[in-house]
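Counting starts at 1 for both ligands and their atoms, in listed order.
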Amino acid sequence: MRRILLVALTVLSLDGAAAQTTLPSKGSDIHLGVTSCGGSTCHGATQSVRGSQVLQNEYLIWQRQDKHAKAYSVLLEPRSQRIARNLGLPDAHTAKVCLDCHADNVSENLRGRQFQVSDGVGCEGCHGGGQRWLGAHVAGVASTEDLHKLGMYPTQNPVARAELCLSCHLGDETKFVTHRMMGAGHPRLAFELDTFTEIQPAHYVVDDDYRKRKTVASGVQTWAVGQAMAVSRTMAGLADASRRMVGAFPELTFYDCHSCHHPMSNLRWQRRESTGLGPGVIRFNDSNILMLRLLARRIAPEDGASLSGRLQALHAAMSEGKGDVGAVAREIKTVADRLVQRFARHAFGPEDMRALLASLVADGRDGHFADYGGAEQATMALASVVQALRRAGGLTDAQGNDLRLAIEQCYSATAKDETYDPAVFVRALDAVERALPRG
Ligand code: HEC
Ligand code: HEC
Ligand code: HEC
Ligand code: HEC
């Protein structure tokens, strides 16, 4: 599993605004190509430039350290060729189904002269096609807001960022890693917005100057918005019968992988209160809803309560055929969409963060993270919230250190999905509980 380094830090301000934007892949602006951004006097300097508002060596950081720069070349590797062969595709690097996530795969008429699909997920795959904004941007006269009006994507906004990253890391109505693709060899996808923001090699520095130009969301807010958006997206997928079903069978990526994929000698069924299910059925992967419910209980208690009931209804519909999956999914989506906006406006304070940490531990103890997916999300959540609490000055160095060590245990307990043991994870949560500051 991916992990963030828990480090020492400065205080960040909070962000509120919601986004009304078009994803870079869905806009109508021409994408000029990575080389249009990577000139040596622009973002292609060999080292960060002093006195400049931005680093200016973004291109090198991306090219050398960021996996997005390799996303296309990975399609040329034997493992991708195998996936393609298993799926009956001529090649992975020419297949739209692969390129849509592994490159900035805009249509031919939106590709500028220097555009190369082999650049992988390039600058404009996240920052938006440069056709209208590049001129004003290079002239240096436009404000961040003006640039957004010209089609630059507001990557600093947590709602907009969640939409952007999840479009590839979870999938959407146009692109999606199906169980057939996983059966052919595609790795399992797991995503948490704050963790992945932290582990993507940063090609920007959040300093005073940055804060003057942009509002900065705290890590906990980024986590919260990411969870609500992930639930909204998953529910949109479930509400759409063509994505939920593959012929007569359900699309299995919506389910907990390990409810099917584990050795039969490993008898490990236990009651999961949140599902209401008995043994011997496949379970919907409810990890994001478990996080959302916990967040809602704190920030919007009425929604927290309703999510519990609806989650059971969803499990009953998806595993036992009781009730209408689409109808329940649409209800949950409505709640999740409301919570996206609610979290984007909420100023998460140290009290919220402490309560969220306590609740992650309590839910784990109550057996809600008996499935690997839940434990994986809970671990990333703990790290994200502890990091945010530290940054907000809510922990002494000693407390921060104790918590870091306890969270290390959670990471170890979830390091291998196939040998995950919920009892070991609960012991790690006990360590987190002991390290939590009292009062
Ligand atoms: C919905 C978006 C999406 C689609 C469609 C998709 N992928 Fe991926 N793929 C990803 C993401 C995201 C990752 C990285 C997962 C991670 O590390 O968390 C990935 C990882 C991979 C990896 C492992 C890369 C590594 O560095 O370990 C391979 C190989 C791969 N994809 C091949 C393919 C092939 C071949 C296709 C087409 C059949 C395809 N992918 C379609 C999103 C997608
Ligand atoms: C996977 C998505 C992604 C890719 C690819 C990407 N960026 Fe970014 N970029 C971000 C995010 C997220 C931020 C931080 C939020 C923000 O400041 O908007 C950011 C911030 C920036 C900043 C803002 C710094 C500031 O102080 O305002 C610059 C400049 C930048 N990126 C340039 C580039 C360039 C040049 C490339 C290509 C070489 C690139 N980015 C590729 C996601 C991406
Ligand atoms: C156009 C699709 C696309 C978008 C948009 C996108 N990613 Fe990715 N991302 C990928 C693919 C594909 C990979 C896997 C590349 C590989 O391993 O070769 C990946 C890999 C990563 C990795 C490396 C994970 C690892 O295995 O170490 C991180 C971190 C990441 N993305 C974060 C983000 C964040 C944060 C955003 C939003 C700001 C984002 N991504 C937006 C497609 C995308
Ligand atoms: C309903 C049970 C079920 C669920 C849930 C499920 N799978 Fe599968 N999976 C299967 C079956 C059945 C096969 C086909 C096995 C075969 O061909 O021998 C398979 C095959 C695979 C394979 C290929 C194995 C091989 O032998 O090459 C992979 C990888 C895989 N699944 C990954 C996943 C991932 C990742 C998830 C969760 C996102 C998942 N599966 C969820 C039942 C399931």
Close N or O approach (Arg213, ligand 2; < 3.5 Å): yes
Distance-only N or O hit between ligand 2 and Tyr210, under 3.5 Å: yes
Mode of His68 contact toward ligand 2 - side chain, backbone, both, neither (heavy atoms, under 4.0 Å): side chain
Within-cut-off N or O pair, Ser167 and ligand 1, under 3.5 Å: no
Ligand 2 versus Lys214: contacting region, heavy-atom distance under 4.0 Å: side chain
Cys168: numbered ligand 1 atoms lying under 4.0 Å from its heavy atoms: 1 (C), 2 (C), 12 (C), 42 (C)
Nitrogen or oxygen atoms of His102 and ligand 1 under 3.5 Å apart: yes
Pair Phe254 + Phe176: ring centers closer than 6.0 Å: yes
Residues Asp209 and Lys212 bridged, charged N to O under 4.0 Å: no
Main-chain N/O of Ala160 paired with Asn157 side-chain donor or acceptor, under 3.5 Å: yes
Any pair counted as salt bridge (charged side-chain N to carboxylate O under 4.0 Å, His left out), so long as it reaches residues 316-329, sequence neighbours left out: Glu320-Lys322
His169-Phe196 aromatic ring centre distance below 6.0 Å: yes
Parallel, tilted or perpendicular: ring planes of His186 versus His102, cut at 30 and 60 degrees: perpendicular
Any side-chain donor near an acceptor of the partner, Arg283 and Ser319, under 3.5 Å: no
Check: every ligand 4 N/O to protein N/O pair under 3.5 Å:
unit_1   : atom_1 : unit_2 : atom_2 : d
ligand 4 : 7 (N)  : His179 : NE2    : 2.8
ligand 4 : 7 (N)  : His261 : NE2    : 2.7
ligand 4 : 9 (N)  : His179 : NE2    : 2.9
ligand 4 : 9 (N)  : His261 : NE2    : 2.9
ligand 4 : 31 (N) : His179 : NE2    : 3.0
ligand 4 : 31 (N) : His261 : NE2    : 2.8
ligand 4 : 40 (N) : His179 : NE2    : 2.8
ligand 4 : 40 (N) : His261 : NE2    : 2.7

Per-atom contacts, ligand 2 versus Val121 - under 4.0 Å to a heavy atom: 5 (C)
Asp146 versus Ser143, side-chain donor and acceptor atoms under 3.5 Å: yes
Cys101 neighbourhood, listing ligand 1 atoms whose heavy-atom distance to it stays under 4.0 Å: 1 (C), 2 (C), 3 (C), 4 (C), 5 (C), 42 (C), 43 (C)
Whether Gln56 lies under 4.0 Å from ligand 2, heavy atom: no
Ligand-residue contact atoms, ligand 2 with Tyr59, heavy atoms, under 4.0 Å: 38 (C)
Close approach, Leu75 and ligand 1, non-hydrogen under 4.0 angstrom: yes
Contact check, Gly122 vs ligand 2, heavy-atom distance below 4.0 Å: yes
Atoms of ligand 2, numbered as shown, that sit under 4.0 Å from any heavy atom of Arg161: 12 (C), 15 (C)
Sequence-distant partners of Gln63, side chain to side chain contact (heavy atoms under 4.5 Å, CB included), two or more places apart: Tyr59, Leu60
Which of the ligand 2 atoms, numbered from 1, are nearer than 4.0 Å to a heavy atom of Gln156: 15 (C), 16 (C), 18 (O)
Presence of salt bridge, Glu173 and Lys26, under 4.0 angstrom: yes
Heavy-atom neighbours of Arg268 CZ exceed 12 at 6.0 Å: yes
Ligand-side contact atoms (ligand 1) for residue partner Val74, heavy atom cut-off under 4.0 Å: 24 (C)
Heteroatom N/O/S of Cys98 within less than 2.8 Å of atom 8 (Fe) of ligand 1: no
Region of Leu170 that comes within reach of ligand 1 [heavy atoms, distance under 4.0 Å]: neither
Side-chain donor-acceptor pair present, His203, Asp66, cut-off under 3.5 Å: no
Flag if over 12 foreign heavy atoms under 6.0 Å of CD, Gln47: no
Any side-chain donor near an acceptor of the partner, Asp337 and Ser232, under 3.5 Å: yes
Contact atoms of ligand 1, heavy-atom distance to Ala92 under 4.0 Å: 35 (C)
Donor-acceptor contact below 3.5 Å, side chain Glu124 vs main chain Gly130: yes
Heavy atoms from other residues, nucleotides or ligands near CZ of Arg271 exceed 12 (cutoff 6.0 Å): no
Other residues, nucleotides, ligands: >12 heavy atoms within 6.0 Å of Gln65 CD: yes
Nearest-0.5 Å distance, CD of residue Gln227 to CG of residue Leu295: 7.0 Å
Heavy atoms of other groups near Asn109 CG, more than 12 under 6.0 Å: yes
2.8 Å shell around atom 8 (Fe) of ligand 2, exclusive bound, protein N/O/S atoms: 2
